[in-house]
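Note that these values count all heavy atoms, side chains included, but never hydrogens, waters or copies made by symmetry. Below, read A as the first sequence line, B as the second, and so on, with proteins coming before strands; counting in each chain starts at 1.
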Number of protein chains: 2
Amino acid sequence: MRLDPLDERIVACLLDDGRASFAEIGAKVGLSAPAVKRRVDKLRQNGAITGFTAKVDPRALGWTTEAYVELYCQGKTSPTTIKAGVAKFPEVVTAYTVTGDADAIVHLLAADMKHFESVLERIGAEPYVIRTKSVLVLSQLLDRPGYASPAES
Amino acid sequence: MRLDPLDERIVACLLDDGRASFAEIGAKVGLSAPAVKRRVDKLRQNGAITGFTAKVDPRALGWTTEAYVELYCQGKTSPTTIKAGVAKFPEVVTAYTVTGDADAIVHLLAADMKHFESVLERIGAEPYVIRTKSVLVLSQLLDRPGYASPAES
DNA sequence: CCTGAAATGAGATCAAC
DNA sequence: GTTGATCTCATTTCAGG
């Protein structure tokens with residue numbers, strides 16, 4: 001799949017404001033509203049755009065503690081097992097399998113430190129988890145909406 | 001700030017579909033469209049909802065390489081310095097200051113391994129950076145839109 | 001304070017070109 | 001790709017709880 005430069009600009013607009021009107025986007029990229037809609041429909045259809053969501057402030061919703069937890073798992077633990085295991089926790093925001101010493105990295109939010117401790121305990125109690133290593137987030141320096149525009153190296 | 005249970009359900013709806021109409025949300029939570037709009041306006045005003053964005057598939061946009069990079073910085077490097085430094089790179093998606101050995105964690109996307117290498121090199125060349133430690137993402141197991149509903153520990 | 005109902009204007013959507 | 005008709009939805013105003 002290839003993205004037209006126009007498509008990229010449309011995606012950039014939608015990353016910046018997911019509720020922007022097609023006419024508004026069209027004004028920025030030089031297209032009419034129906035043309036923009038057709039392109040967005042196509043982008044959604046082929047999976048470039050997977051959906052739309054609100055950006056929320058976790059603190060405002062009562063989540064004051066944020067952490068990255070490295071998971072060290074047993075010899076032959078499949079990604080599927082890890083996925084199923086961490087998906088049980090609503091506190092988990094994202095999870096990845098990674099290279100390096102750890103097998104997976106889990107990004108999670110907790111109401112407070114006590115809550116975080118309990119989540120960490122329960123994740124550590126998962127049968128496939130040998131040990132965990134936590135890094136607490138002090139402050140968020142940057143959070144780009146979606147993913148930035150293509151960059152040339 | 002306190003969130004009404006109704007507000008939480010509205011936020012959940014918007015996390016699920018950031019372009020949902022007020023009438024549609026109202027049908028799910030049992031309110032009229034204007035009532036939903038008023039609550040959403042207030043949620044945006046007080047910062048609980050910071051905006052709306054599209055969810056995109058980085059691979060579809062040409063980003064095939066994803067990594068977390070730990071930054072080890074010089075003795076008294078301020079978060080502001082780190083923020084300004086990493087913000088220059090469009091490849092950086094998120095950045096946090098953290099507890100532990102490293103000073104910051106940077107989440108970034110690159111077109112390919114060659115591109116990643118060049119970004120890593122340039123970040124490592126920042127004057128305040130002593131060394132970096134990279135973890136490459138193998139596969140994404142989970143990516144929850146925004147942040148999940150409140151959980152009790 | 002909150003709600004819902006009605007009116008109005010803006011945007012989404014479809015047809016035709 | 002566009003323009004133009006139509007219909008939905010967003011938004012405002014108003015009245016009631």
[X] [atom1] to [N] [atom2], straight-line distance once rounded to whole Å:
X	N	atom1	atom2	answer
B/Phe22	C/dT3	CZ	C1'	17 Å
A/Ile25	C/dT13	CD1	P	12 Å
B/Arg38	C/dG4	CZ	P	8 Å
A/Leu31	C/dT13	CG	C1'	17 Å

Distances under 3.5 Å between nitrogen or oxygen atoms of protein and nucleotides 6-9 of chain C:
none

- request: Answer yes or no: does a side-chain N or O of A/Lys37 lie under 4.0 Å from OP1 or OP2 of C/dA12?
  value: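 No, A/Lys37 has no side-chain N/O under 4.0 Å of OP1/OP2 on C/dA12.
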message: Using a 4.0 Å cut-off on heavy atoms, which residues in residues 39-51 of chain B reach DNA chain C? List them by number, or say none.
response: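 Residues of residues 39-51 of chain B that come under 4.0 Å of DNA chain C are, in numerical order, B/Arg39, B/Lys42.
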- prompt: Which residues pass the side-chain contact (heavy atoms from CB on, under 4.5 Å) test with B/Thr132, sequence neighbours left out?
  reply: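 With neighbours one apart ignored, the set is B/Val69, B/Leu71, B/Leu120, B/Val129.
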field: Residues forming a side-chain contact (heavy atoms from CB on, under 4.5 Å) with A/Ala84, sequence neighbours excluded
entry: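 Scan of A/Ala84 (side-chain contact (heavy atoms from CB on, under 4.5 Å), adjacent residues dropped) gives none.
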- prompt: Taking only residues at least two apart or on different chains, which pairs with a member in residues 69-79 of chain B satisfy side-chain hydrogen bond (donor to acceptor under 3.5 Å, both in side chains)?
  reply: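 Listed once each, the pairs are B/Glu70-B/Tyr72, B/Ser78-B/Thr81.
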message: The criterion is ring pair (Phe, Tyr, Trp, His ring centres under 6.0 Å); which residues satisfy it with A/Phe52, sequence neighbours excluded?
response: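 If we apply the ring pair (Phe, Tyr, Trp, His ring centres under 6.0 Å) test to A/Phe52, skipping adjacent residues, there are no hits.
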- request: Mind checking ring pair (Phe, Tyr, Trp, His ring centres under 6.0 Å) for B/Tyr128 and listing every partner two or more places apart, or none if nothing turns up?
  value: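 Per chain and number, B/Tyr128 pairs via ring pair (Phe, Tyr, Trp, His ring centres under 6.0 Å) with no residue.
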- request: Only counting residues at least two apart or in another chain, list the ones meeting side-chain hydrogen bond (donor to acceptor under 3.5 Å, both in side chains) with B/Ser139.
  value: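 For B/Ser139 the side-chain hydrogen bond (donor to acceptor under 3.5 Å, both in side chains) partners, ignoring immediate neighbours, are A/Thr97.
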- request: Just call it for B/Ser32: base, sugar-phosphate, or nothing, with non-hydrogen atoms closer than 4.0 Å on any strand.
  value: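 Contact class for B/Ser32: base.
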Residue mapping more 5' on DNA chain D - nearest nucleotide basis, B/Ala20 or A/Gly30: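 That would be A/Gly30.
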query: Taking only residues two or more places apart in sequence, or in another chain, which ones meet A/Asp103 in a salt bridge (Lys or Arg N to Asp or Glu O under 4.0 Å)?
result: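 Listed in chain order: nothing, the list is empty.
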task: Would you grab the first and last nucleotide of DNA chain D (5' to 3') that comes under 4.0 Å of any non-hydrogen atom in chain B?
output: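 It runs D/dC9 to D/dT12.
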Please tabulate, for side-chain N and O atoms in residues 22-38 of chain B, each donor-acceptor pair with protein atoms closer than 3.5 Å (sequence neighbours left out).
from, atom 1, to, atom 2, distance (Å)
B/Lys37, NZ, B/Asp41, OD1, 3.4
B/Lys37, NZ, B/Asp41, OD2, 2.6

- prompt: How are the rings of B/His107 and B/Tyr68 set to each other: parallel, tilted or perpendicular (split at 30° and 60°)?
  reply: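 Parallel, since the angle between the ring planes stays under 30°.
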message: Enumerate the salt bridge (charged side-chain N to carboxylate O under 4.0 Å, His left out) contacts for residues 124-133 of chain A, please, sequence neighbours excluded, ordered by first and then second residue.
response: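 As it turns out, the salt bridge (charged side-chain N to carboxylate O under 4.0 Å, His left out) pairs with a partner in residues 124-133 of chain A, which skip direct neighbours, are A/Lys88-A/Glu126.
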message: Tell me whether the count of non-hydrogen atoms from other residues, nucleotides or ligands lying under 6.0 Å of CZ in A/Arg59 goes above 12.
response: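 Counting other residues, nucleotides and ligands, CZ of A/Arg59 stays at 12 neighbours or fewer.
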